[in-house]
Protein chains: 2
Amino acid sequence: MARVSKPIEDRERLSPPQRRALILDAANRCFARDPDCSLRDIADEAGVSRQLVQLYFPGGGVGPVANVLFDEFVTQAPWLLADLPEGIRSTPDQTRARVEVIVNRGLDWAEATPGAWIFGPGRDLAGSGIGQRWEETQQAIAAMISSYPPFGLDDSPLTRTVIYAELRALEVLIHAWRTGHISREDCEAAAVLRFTSLFATTLPALTN
Amino acid sequence: MARVSKPIEDRERLSPPQRRALILDAANRCFARDPDCSLRDIADEAGVSRQLVQLYFPGGGVGPVANVLFDEFVTQAPWLLADLPEGIRSTPDQTRARVEVIVNRGLDWAEATPGAWIFGPGRDLAGSGIGQRWEETQQAIAAMISSYPPFGLDDSPLTRTVIYAELRALEVLIHAWRTGHISREDCEAAAVLRFTSLFATTLPALTN
């Protein structure tokens, strides 16, 4: 991936929030290339010193930077569920229409940002501590879906586990798409079918 | 977990295949406790020297021992699919009946052996190199299911990816059961519903 950071003289005129955003952008690109990357890799990518990265993201190592990126991902998640077509769980067709909207938003996001590394296999690498944070992130999203009132789900450990399982399956689909093993069209179709089955068949059968 | 290895004097009378099996049993227990365990941990658990473990599993580190355990897991997988009730994909009910048999066999196996660690989060730890081997193992099983003639599936990268995604979801369910977050009954029900949807709905819709 080409270095896109600005020349030094421009960066020195950046405000602190702009510098922070610059570092986060660089970190996203670094994690996308190598989830086991170092703080120095991120500093080099941003064209700043390692000390400056640590000033903005204190605590040692890449963990604090990764945490902010995961937090941003979780922050975006409710937006995926906003203003959906009415009628989830009413009929399978209505469920499918809502699922299509959610899946499309998610895949558009994955396509538009380097943040899709969050769905990569890198989270399995222990070095950066990303694995555990990834798991917490997916658990948080499962809890959000499970307790989202319009879905009318029975929010229980079982419901959360089954949704979390589906998110893990989704991660495989997105990763296969981002690495060129399947097309976006197939990724989308598979995700829509899977989530429709989950909401229209599996969850009602499990909780009734 | 209690140490179950035999006293030294007994072990010295073991044949080489028996010693090898003793070490593999010990390794299964060690990986179940700590997927990032060392060769010394396995040797201590088996009550033998580290050199003896390396003699039986040469190549360095715990990788060679883990590889054999993964190979055994893959070897058992075709048995999961043997002698199934006829009629998969004929009707959803027939599909479900076959899926129930497969899921039951798998969960019985997970309950009876310490090998269920293969479904644990430990595969996410980079230290032992288990993560990659786990992924290869699941890919091999996905390929086996995808190309298993009685299932009559369209064996393609898409089919394999969707089955692999389902295996990842199954891993979440089994791990949630083994760690006491959901009951075996719920794990079984969720797995049966999910695989039935996969075979009866998702895969036919994706490939037709």
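Chain letters run A, B, ... following the sequence lines, proteins first and then strands; every chain starts at 1.
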Honestly, the part of A/I182 sitting under 4.5 Å from a heavy atom of chain B is side chain

In terms of heavy-atom contacts, B/T202 and A/R194 come closest through CG2-CG, 4.2 Å

* **Neighbour count >12 (heavy atoms, 6.0 Å) for atom CD, B/Q51** => yes

To the nearest 0.5 Å, atom NE2 of A/H175 lies from atom OH of B/Y164 at 8.0 Å

Minimal heavy-atom distance between B/H181 and A/P157, with the atoms involved, is O-CB, 3.9 Å

When rounded to the nearest 0.5 Å, the distance separating CD of B/E166 from CG of A/L173 is 10.0 Å

One should read off an interatomic distance between A/L206 CG and B/E185 CD, to the nearest 0.5 angstrom, of 10.5 Å

Rounding to 0.5 Å, atoms CG (B/L193) and OG (A/S197) come to a distance of 10.0 Å

So, the part of A/L198 with a heavy atom under 4.5 Å from chain B: the answer is side chain

